[in-house]
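A quick write-up on the structure given underneath.
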Amino acid sequence: MTVLHPVAEKDVTRAIASSFLRQLEDYAESDVIIVGGGPSGLMAARELGAMGVKVLMVERNNYLGGGFWVGGYFMNKLTIRAPAHEILDELRVPYEKAIEGLYTADAPHACSRLIAAACDAGLKILSLTLLEDVILRADNRLAGVVVNWSPIAHLPREVAALDPVPLESKVVIDATGHDASVVRKLEQRGLIKTKGEGALWIQGSEDALVEHTGEVHPGLVACGMAVATVYGLPRMGPTFGAMLLSGKKAADVAGQILQKHATS
Ligand code: 48F
């Protein structure tokens with residue numbers, strides 16, 4: 001008599017491998033690929049999933065959440081400026097009013113709820129997966145990403161001679177934060193020019209970042225801190241309302257591009 005159903009070791013390995021490979025085969029082509037699983041990317045994933053869009057997220061770490069696990073310094077309390085706290089209501093995350101228009105929430109609670117909401121909306125994830133390059137068509141339109149196993153970036157070249165694999169999509173969202181890793185691949189080819197993020201100024205940064213969120217190159221939408229890097233906007237440091245609103249807007253923009261795609 002056992003507590004858990006008896007299975008062989010080989011069955012465990014086969015179950016993992018076949019489930020993963022079935023998903024990889026299916027998601028070799030998606031509607032939208034989101035690179036980076038911080039607050040803006042997760043928010044975009046949740047919104048797109050709710051629209052019925054097929055979304056794959058590529059994240060170099062073995063965990064999602066980016067900078068959303070911690071508020072600032074080592075303190076795990078988030079600050080969010082109104083009206084972005086309404087998203088905490090949607091996610092069922094408790095929060096407190098600090099002063100008029102400024103709210104605090106427990107970062108681990110908010111982060112885990114946002115990850116769960118994105119997954120509930122249908123998001124599939126490639127973890128430990130590094131964006132290595134992009135797919136470009138003849139007209140320089142982005143048509144997907146090229147990825148590799150992220151630990152190889154830390155191995156000596158002779159050990160890490162692994163070819164990457166391409167993944168196709170109609171839209172790519174750069175949600176890689178300050179690095180703007182997808183945009184940088186276009187900059188290396190002279191297709192875009194980034195200004196680099198400005199110094200910290202909370203009041204001046206958040207509205208501008210949401211306003212500038214959008215398509216930065218045919219087929220590529222930027223959201224979150226990647227937007228600040230592209231347009232030279234001030235950084236906002238330990239406050240997160242703009243990340244959530246930027247993710248929402250990126251999803252709307254991606255949805256509009258998909259609609260145009262469908263009718264062209
Ligand atoms: O940095 P991150 O949280 O980006 P975000 O959504 O939010 C920024 C805030 O956390 C905070 C802030 C504003 O309050 O200043 O920093 O803009 O998450 C970015 C994610 O992208 C992943 C990285 O591991 C992180 O989880 N990432 C970055 N480069 C790559 C990548 C890459 N080349 N390939 C795959 N993932």
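All values reported here derive from a predicted model rather than from experimental measurement. Both counts, for ligands and for their atoms, begin at 1 and track the order of listing.
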Identify, for [atom], the protein heavy atom at the shortest distance, and state residue, atom and that distance.
{"atom": "atom 9 (C) of ligand 1", "answer": "F240 CE2, 3.7 Å"}
{"atom": "atom 21 (O) of ligand 1", "answer": "G36 CA, 3.2 Å"}
{"atom": "atom 19 (C) of ligand 1", "answer": "A175 O, 3.4 Å"}
{"atom": "atom 27 (N) of ligand 1", "answer": "R60 NE, 3.7 Å"}
{"atom": "atom 29 (N) of ligand 1", "answer": "S181 OG, 3.1 Å"}
{"atom": "atom 5 (P) of ligand 1", "answer": "S40 OG, 3.7 Å"}
{"atom": "atom 14 (O) of ligand 1", "answer": "T239 O, 2.9 Å"}
{"atom": "atom 25 (C) of ligand 1", "answer": "E59 OE1, 3.5 Å"}

- Message: Any non-hydrogen side-chain atom of L209 less than 4.5 Å from a side-chain atom of M243?
- Response: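 Heavy-atom side-chain distance check passes, below 4.5 Å.
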- Message: Under the criterion salt bridge (Lys or Arg N to Asp or Glu O under 4.0 Å), I'd like the reasoning laid out for K77 against E96: C-alpha separation, chi angles, the key distance, then a yes or no.
- Response: CA-CA 11 Å; K77 299 282 183 184; E96 286 177 358; over 6 Å; no
Ligand 1 atoms in contact with [X] (distance to a heavy atom under 4.0 Å):
{"X": "G38", "answer": "3 (O), 6 (O), 18 (O), 20 (C)"}
{"X": "T129", "answer": "35 (C)"}
{"X": "G224", "answer": "17 (O)"}
{"X": "N61", "answer": "24 (O)"}
{"X": "P39", "answer": "3 (O), 6 (O), 7 (O), 10 (O)"}

- Using the ring of each side chain (for Trp, its six-membered ring), is H85 parallel, tilted or perpendicular to Y103, with breaks at 30° and 60°?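 H85 and Y103: parallel rings.
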So is [X] touching ligand 1 or not, going by heavy atoms under 4.0 Å?
{"X": "V182", "answer": "no"}
{"X": "M236", "answer": "yes"}
{"X": "H178", "answer": "yes"}

- Apply the side chain to side chain contact (heavy atoms under 4.5 Å, CB included) test between Y27 and each candidate in L167, L56, I125, I33; give the one that qualifies.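 When side chain to side chain contact (heavy atoms under 4.5 Å, CB included) is applied between Y27 and each of L167, L56, I125, I33, only L56 qualifies.
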Do any N/O atoms on [X] end up under 3.5 angstrom from N/O atoms on ligand 1?
{"X": "G237", "value": "yes"}
{"X": "G67", "value": "yes"}
{"X": "L131", "value": "yes"}
{"X": "M243", "value": "no"}

- Item | Verdict with reasoning, R189 to D133, per salt bridge (Lys or Arg N to Asp or Glu O under 4.0 Å) | CA-CA 11 Å; R189 296 182 170 87; D133 210 339; 2.9 Å; yes
- Task: Dump the intermediate steps for salt bridge (Lys or Arg N to Asp or Glu O under 4.0 Å) on D26 and K54, then the final yes or no.
- Result: CA-CA 10 Å; D26 185 9; K54 182 179 178 184; 2.8 Å; yes
- Message: Salt bridge or not between E25 and R22? Use side-chain N to carboxylate O under 4.0 Å.
- Response: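 So E25 does not pair with R22 through a salt bridge.
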- Atom CD of E100: over 12 foreign heavy atoms under 6.0 Å: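 No, not enclosed.
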- Item | Distance-only donor-acceptor check, side chains S169 and S30, under 3.5 Å |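 There is no such pair between these side chains.
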- Item | Donor-acceptor contact present, side-chain E206 to main-chain A242, <3.5 Å |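 Indeed, once roles are kept as given, a pair shorter than 3.5 Å links the two residues.
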- Task: First locate atom CD of E197, then atom OG1 of T229, and finally report the distance between them rounded to the nearest 0.5 Å.
- Result: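 Rounded to the nearest 0.5 Å, the CD-OG1 separation comes to 5.0 Å.
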- How far does CD1 of I202 sit from OG1 of T239, to the nearest 0.5 angstrom?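 OG1 of T239 is found 6.0 Å from CD1 of I202.
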